[in-house]
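Naming convention: chains lettered A, B, ... in sequence-line order (proteins, then strands); numbering from 1 in each chain. This one's a predicted model, so the numbers in the text were calculated from it and none came from an experiment.
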Number of protein chains: 2
Amino acid sequence: MKQKQPATVGACARRSTGPKPQHSREKIAQAAVELADREGIGAVSIRGVAAEIGSGAASLYRYVDSVEELVDLMIDQVSSGYELNGLDGSASEQLLALARQGRNIMHRHPWVAPLLLAKRALGPHTLAYLERGLAALQFTALTGAAKLQTIAMLTAITSAFVQNEQGEPAGDGDGKGAAALIWALGTGKYPLLAESLAQGPASVDQDQVFATLVTTYLRGAGLD
Amino acid sequence: MKQKQPATVGACARRSTGPKPQHSREKIAQAAVELADREGIGAVSIRGVAAEIGSGAASLYRYVDSVEELVDLMIDQVSSGYELNGLDGSASEQLLALARQGRNIMHRHPWVAPLLLAKRALGPHTLAYLERGLAALQFTALTGAAKLQTIAMLTAITSAFVQNEQGEPAGDGDGKGAAALIWALGTGKYPLLAESLAQGPASVDQDQVFATLVTTYLRGAGLD
DNA sequence: CTTAATTGCGAACGATGATCGCAATTAAGT
DNA sequence: ACTTAATTGCGATCATCGTTCGCAATTAAG
């Protein structure tokens, strides 16, 4: 049972004997993020990241327990992009600012949105983001569980919104889904869908739509 | 280039020669859903479903192009559980009823929520659901794109909400994430998180919370 | 200098998605 | 009835993936 590198970066003095590690969890996560940005999340595998790092595949397991953990590290790495200081205003204003940052991050890293919807990573940066969100809710009447749910729903809404922005009608984007959609429309069984699609995309600036969406949700959650 | 069985079930008279297929896309999707319900989505693989069907693994490719398509079929199969007739009331009342049905479906099939967030399947049942949602929005002032986005966000919100219900704090549920969380709390760097978790779970009936959430969102989207 | 811990990693295992080719089956054409 | 062509089921196989094992190499402590 080894300790790996602890989940949090805290300076744990070298423990004892043996060669120093040639890599670090942070560098690995960074490389994995770059790889995903460049070639898509599908390129992120143990062997792929190992090649990116310039090491053998099995070596990665000295730093990471599983691929799942690798992905968690990637999410946390990306979450380090939040600027948590200098937010002011009301609770909903602060949360809107956080959500906007999240949306920007997901725009820079298109693979994040689906992952963030599917799993909850608990790295230090993610936790810091969560803590900051809770701070924004500090002086509200919400219970603890309600606060947590509010933030969870907020990031979920953000992810879903970004995912809507990214791939419009079809699922993947290779045209297969689109072809099926076209065919389905040809059957005439979905007239309203055809009509809705006939009008072009909304084209109005999504920033405004997003802000309205978030603000509305927060108001519904009981915030000013 | 074969035709497989067409995406929609329409009675396409047997095309020409050869033995009749021993299975059908519907039965396969059904079996896959049962398998996922029983042993989790992780058990759904080509070989797994083939075994469930009682056929060789390669045979499945006579009915399905890829695993992705299999999953799409599963989602559509599950979407056949919607009762789309007999909805009445205002636009938001109808959509709330649809969302409630969606939530129930996701409760019966816990693996659906994550999938529905990650991808958009376009099977006949899913399209029918979408068409029904558009019908609810028929006499509103929304543009076509806005209608589509409203429904997409509605199902996303539903999925996210159910996912919140299902796995509380940690990501997976094997205790690994929970352990990491416990440890992180011990550092004292996340006092607000600790405080929020200290109070027990909300325990109030989630039905009410869900209804409020959906209604609020719809009101924000410009509906009555 | 010995000892023990630790790293990097090639080799291997099991499982997966997917393809290929072939035998078996069935209907149409004559 | 016989041929022909299409179609099915599927064993065998390949590439790839996540993961484990064992060993040589490296380094610090005693």
Legend entry - Phosphate OP1/OP2 of C:dA28: any B:T17 side-chain N/O under 4.0 Å: no

Legend entry - Residue B:A58, side-chain atoms from C-beta onward, closest of C:dT19, C:dG8, C:dG10: C:dT19

Legend entry - Phosphate contact (C:dG8 OP1 or OP2) by A:Y63 side-chain N/O below 4.0 Å: yes

Legend entry - Separation of atom OH in B:Y61 from atom C1' in C:dC22, rounded to whole Å: 19 Å

Inset, instruction - Nearest whole angstrom, please: distance from the P of C:dA18 to the CG of B:L70. - result: 10 Å

Legend entry - Mate of D:dT27 where both pairing distances stay under 3.5 Å, Watson-Crick or G-U: C:dA4

Legend entry - Length of the CZ-C1' vector between B:R47 and D:dT16, whole Å: 12 Å

Legend entry - Pair listing, salt bridge (Lys or Arg N to Asp or Glu O under 4.0 Å) test, anchored in residues 96-110 of chain A, at least two apart: A:R103-A:E165, A:R103-A:D207

Inset, instruction - For A:K20 and D:dT26, give me the distance from atom NZ to atom P, rounded to whole Å. - result: 14 Å

Inset, instruction - Mind calculating the distance between CG (A:L35) and C1' (D:dC17) to the nearest angstrom? - result: 15 Å

Legend entry - Backbone of A:L193 reached by a side-chain donor or acceptor of A:S196 within 3.5 Å: no

Legend entry - Flag side-chain contact, heavy atom, 4.5 Å: B:L70 against B:Y63: no

Legend entry - Gap between atoms CD and C1', on B:Q22 and D:dG9 respectively (whole Å): 7 Å

Inset, instruction - Indicate, with a heavy-atom threshold strictly under 4.0 Å, whether A:S55 touches base, sugar-phosphate, or nothing. - result: sugar-phosphate

Inset, instruction - Using a 4.0 Å heavy-atom cut-off across all strands, classify A:S45 as base, sugar-phosphate, or nothing. - result: sugar-phosphate

Legend entry - Side-chain donor/acceptor of A:Q199 to backbone N/O of B:A145, under 3.5 Å: no

Inset, instruction - Calculate the interatomic distance between A:R62 atom CZ and C:dT7 atom C1'; express it in whole Å. - result: 6 Å

Inset, instruction - Decide, yes or no, whether a salt bridge links B:E52 with B:R47 under the criterion of side-chain N to carboxylate O below 4.0 Å. - result: no

Inset, instruction - Whole angstrom is fine here: how far is it from NE2 in B:H23 over to P in D:dT7? - result: 18 Å

